[in-house]
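Quick note: residue numbers are just sequence positions, from 1.
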Amino acid sequence: MGEERITGAWPLALDMQNNVLHYLRRIVREKPDKVAFSDGERQLTFQEVWQQSRSIGSFLAQRGIYRKPVVVFMRKSPQEVAAFFGAVTGGCFYVPVDEEMPNGRIQLILDNVRSPLIICDEDTIEVARTFDARGGELALYRDLVQTPVDDAALEDIYRRAIDTDPIYIVFTSGSTGVPKGVAACHRSVIDYIEQLSEVLGFDGDTVFGNQSPLYFDACLKELYPTLKFGATTYLIPKRLFGFPTALVEYLNEHKINTICWVVSALTIVSSLGTFQSVKPEHLRTVAFGSEVFPIKQFRLWREAVPNATFTNLYGPTEGTGMCCYYKVERDFADGEVIPIGRPFPNREVLLLREDGTLAGPGEEGELCIRGTSVTLGYYNDPERTREAFVQNPLNTAYPEIIYKTGDLGRYNEAGELVFVSRKDYQIKHMGHRVELGEIEVSVNLVPGVRMAACVYDAGRQKIVLCYVGEPDEKALTAALKTRLPRYMLPNRIVRLEQLPFTANGKIDRVSLSAAYGQGR
């Protein structure tokens, strides 16, 4: 089957930026043969992404599947990305699922969305058959991309699209462990990509090194700016994050100049002495988020790539990726926390007290988000949507939904917004309010400590510290006695070979709590 080449101009009515496909429709005319997505072995050009996504969209149109969730159950690859765009091309929204997810979680997702189509590859099709697809059809990607393109049907779908239509559902776990499907729309994703690109300075020469799994919203930072600018994204194989030297060599081999990683992924590289043997040669932009960056490890990165810009990002999935940023342009003292700065344009972060009033200067409050970036809510989950997506208590004149993040923050003396902790990381211990994150900051400053995480054993009212590093438990205890007040000293210290991580690369505090914080 021959490729569909793009010629001529789109009618003006079809070129409005109310759909993320606006980026692809424009860039495929400008850079059809440039590599868009690659994992170092397989790759797709913009022309191939265009062609394959339109074949999938045509298949959906033939089946009459429209404005429905489409599950993409594939291994991380350029083809999986094209499958996402294929679902959107067909007027649907994609639901990424990965076989590395626990089986129970996958089934809960399938039960929730009841997708009429599950797109698989040769590696996942047999695994997918072991689940109850809830009546959905299982189809191979390789077969779908052979579907003849129905231009008339796809143009009609594109013409009917509005910017509040969903684009994806990404599942995140709540405190109960039951996954919540965050539904985002085109409007919020476009707004996010436009603001993020301006702040971080993406352009056509950007070469992204993607770290996050594709079933997290973190990958938005690479996927859509790649379409916007005609950039290139390398989907870095997960195995490389267990071999930091090989990881940096991969960055150098593919001339990757931009990374947007979780802090733990960066810390794994710097804490193991990787920079003594190899350094990133092309990095110009380093963005990080999701956790507090230990100052000791941050300094190692700045020394390794002194000409790169470093930007701290903050934001929950429910706020469409990141909503705050802070460009690091000064040095930080031991024990300082890098601020999360200020909101991206076109959104506001409110610091609210428990009574719904604004927190005062220097006072802690819950970070709440208002604006276009607030997502649609939790898919098929009205009760939990009502709990977190609430009426702005500062506005009683008309309906205005804000998202309550469950995170605590405050403004420092310089007027910079600082993340304090999760509300559920704040405990009452020995009559004092204790932020577990503050303990972790002090632990990470101890020479020889590479990573640390605290959990709380509520049953026994004990603080449990888990860490990776050279000092033994006795030496670490002695060091902490000089850094922390008595009420903040961990009651139990556990030295581990490595900390557990979530699939997204963050420290897995749920696993640590289950292992060490439940009276064990």
Side-chain angles (χ1 to χ4, degrees), residues 18 20 67-69 93-96 108-109 111-114 162-193 195-196 215-218 220 289-290 313-324 340 343-359 364-409 417 419-425:
N18 62 351
V20 294
R67 290 183 177 168
K68 298 288 185 181
F93 41 103
Y94 59 89
V95 185
L108 286 171
I109 292 172
D111 292 344
N112 178 281
V113 301
R114 296 179 178 268
I162 61 174
D163 62 4
T164 53
D165 288 337
I167 178 174
Y168 63 74
I169 304 173
V170 168
F171 277 83
T172 171
S173 291
S175 58
T176 62
V178 178
K180 298 181 291 187
V182 180
C185 68
H186 288 260
R187 178 191 295 175
S188 65
V189 172
I190 290 170
D191 179 72
Y192 175 47
I193 297 313
Q195 309 299 348
L196 179 76
Y215 56 89
F216 285 99
D217 67 305
L220 295 176
S290 300
L313 301 175
Y314 163 83
T317 299
E318 290 87 346
T320 314
M322 301 298 186
C323 62
C324 290
I340 59 176
F344 286 108
N346 201 36
R347 67 213 67 200
E348 183 180 13
V349 172
L350 305 172
L351 279 184
L352 298 182
R353 302 186 184 100
E354 289 289 339
D355 63 2
T357 59
L358 284 172
E364 289 183 12
E366 182 175 3
L367 295 159
C368 299
I369 304 169
R370 66 180 287 266
T372 298
S373 65
V374 175
T375 53
L376 301 173
Y378 301 124
Y379 193 75
N380 276 337
D381 197 343
E383 182 176 346
R384 288 197 287 186
T385 297
R386 284 192 295 270
E387 292 173 357
F389 295 81
V390 303
Q391 171 66 26
N392 181 359
L394 305 178
N395 173 16
T396 59
Y398 55 86
E400 181 187 25
I401 298 298
I402 64 172
Y403 172 68
K404 299 173 62 178
T405 68
D407 294 332
L408 298 174
L417 190 57
F419 172 83
V420 175
S421 75
R422 288 285 302 166
K423 289 178 72 174
D424 47 15
Y425 291 172

With sequence neighbours left out, the residues meeting salt bridge (charged side-chain N to carboxylate O under 4.0 Å, His left out) with Glu383 are none
- [ ] State, yes or no, whether a side-chain contact exists between Val349 and Tyr314 at a heavy-atom distance under 4.5 Å.
- [x] no
Do Thr317 and Phe216 touch side chain to side chain, with heavy atoms closer than 4.5 Å? no
Hits for side-chain hydrogen bond (donor to acceptor under 3.5 Å, both in side chains) against Asn112, two or more places apart or cross-chain, chain-then-number order -> none
When rounded to the nearest 0.5 Å, the distance separating CD of Gln195 from SG of Cys323 is 12.0 Å
Taken in chain and number order and not counting sequence neighbours, the residues that satisfy ring-ring contact (aromatic ring centres under 6.0 Å, His included) with Phe344 are Tyr325
Residue set satisfying side-chain hydrogen bond (donor to acceptor under 3.5 Å, both in side chains) with Tyr94, at least two apart, ordered chain then number -> Tyr224
Residues pairing under salt bridge (Lys or Arg N to Asp or Glu O under 4.0 Å) where one sits in residues 344-353, two or more places apart or in two chains, turn out to be Asp191-Arg347, Glu348-Arg370, Arg353-Glu363
Minimal heavy-atom distance between Ser188 and Cys185, with the atoms involved, is OG-O, 3.0 Å
Contacts of Asn392 meeting side-chain hydrogen bond (donor to acceptor under 3.5 Å, both in side chains) (sequence neighbours excluded), chain-then-number -> Glu400
Those residues at least two apart in sequence (or on a different chain) that pass side-chain contact (heavy atoms from CB on, under 4.5 Å) with Leu352 are Leu350, Leu358, Cys368, Pro393, Leu394, Ile402
Here the gap from Lys180 atom NZ to Thr172 atom OG1, rounded to the nearest 0.5 Å, amounts to 6.0 Å
Tightest non-hydrogen contact, residues Glu366 and Lys404, listed as OE2-CB, 3.4 Å
| field | Worked verdict on Tyr379 versus Val113 for side chain to side chain contact (heavy atoms under 4.5 Å, CB included) | value | CA-CA 8 Å; Tyr379 193 75; Val113 301; 4.1 Å; yes
Check whether any side-chain heavy atom of Leu351 lies under 4.5 Å from a side-chain heavy atom of Leu367, and answer yes or no. yes
What one should report as the nearest heavy-atom pair of Met322 and Ser290 is CE-OG, 4.2 Å
Heavy-atom check, side chain of Tyr215 versus side chain of Ile109, under 4.5 Å
no
Minimal heavy-atom distance between Leu417 and Cys324, with the atoms involved, is CD2-SG, 4.1 Å
dist Thr375:OG1 -> Ile401:CD1 (nearest 0.5 Å) comes out at 11.0 Å
Looking only at heavy atoms, the pair that brings Leu376 and Pro166 closest together is CD1-CG, 4.0 Å
Rounded to the nearest 0.5 Å, the OG1 atom of Thr372 sits from the CG atom of Asp163 at a distance of 9.0 Å
Q.
Would you say that Thr320 contacts Val189 through its side chain, given a criterion of any heavy-atom pair below 4.5 Å between the two side chains?
A. yes
Minimal heavy-atom distance between Gly319 and Ile369, with the atoms involved, is CA-CD1, 4.3 Å
Residues at least two apart in sequence or cross-chain that pass ring-ring contact (aromatic ring centres under 6.0 Å, His included) with Tyr378, listed by chain then number, are Phe389
side-chain hydrogen bond (donor to acceptor under 3.5 Å, both in side chains) filter on Tyr168, not counting sequence neighbours, yields none
Q | Residue pair Phe93 / Asp165, side-chain heavy-atom distance below 4.5 Å | A | no
